[in-house]
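The structure appears below as structure tokens.
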Amino acid sequence: MKRLLMFFVLFTFVSCQENFSEIKNIIEIEGNWESEFENISIDTDKMMITVNDTINLVLSSRHYDKPLITVSSGSVMFYDARVSINDSKNSIKIKRINEPVEITYLKK
């Protein structure tokens, strides 16, 4: 009986977790997103990211590696990151390369 109960608890825990996969196209992250640290607005037509409604940064992506983005301000690069999105398209993870930073954003 204990094993059966533990199985159901574990199954519930695993089934409630969000599955994230790397983006296939930069357009998937278009829109307004918020985390506990900051709010960002991503405009993939202009290839811009606006942070906290004040700072405008340039967004770049690569045709050969769609989930890899670069965030910069003109000639000053801030970071490279890999972007993943959950199955329901309401949450993204941005994991910076060469830094131990991964931020989860929820769709506004």
Taking atom [atom1] of [X] and atom [atom2] of [Y], what is their separation to the nearest 0.5 Å?
X: I55; Y: L57; atom1: CD1; atom2: CG; value: 6.5 Å
X: S84; Y: K93; atom1: OG; atom2: NZ; value: 7.5 Å
X: N98; Y: Y79; atom1: CG; atom2: OH; value: 14.0 Å
X: E28; Y: S21; atom1: CD; atom2: OG; value: 7.5 Å
X: I49; Y: I42; atom1: CD1; atom2: CD1; value: 5.0 Å

Answer yes or no: are there more than 12 heavy-atom neighbours, outside D53 itself, under 6.0 Å from its atom CG?
no
Looking at K89, I'd like to know if its NZ atom is crowded, meaning that more than 12 non-hydrogen atoms belonging to other residues, nucleotides or ligands lie closer than 6.0 Å.
yes
Would you mind reporting whether [Y] and [X] have side-chain heavy atoms less than 4.5 Å apart?
X: W33; Y: N39; answer: no
X: L59; Y: M47; answer: yes
X: N25; Y: I23; answer: no
X: S91; Y: Y105; answer: no

Between [X] and [Y], is there a shared hydrophobic cluster once you connect ILVMFWY residues whose side-chain heavy atoms come closer than 4.5 Å?
X: V83; Y: V101; answer: yes
X: M48; Y: I94; answer: no
X: I40; Y: F37; answer: yes
X: V71; Y: I92; answer: yes

Please find the pair of heavy atoms, one from [X] and one from [Y], that lie closest to each other, and give the distance.
X: N86; Y: N90; answer: ND2-OD1, 2.6 Å
X: T44; Y: I26; answer: CG2-O, 3.3 Å
X: K66; Y: K24; answer: CG-O, 3.3 Å
X: L68; Y: R82; answer: CB-NH1, 3.7 Å
X: T104; Y: S35; answer: O-CB, 3.3 Å
X: E22; Y: P67; answer: OE1-CG, 3.4 Å

With a 4.0 Å cut-off, would you call D80 and R62 a salt bridge?
yes
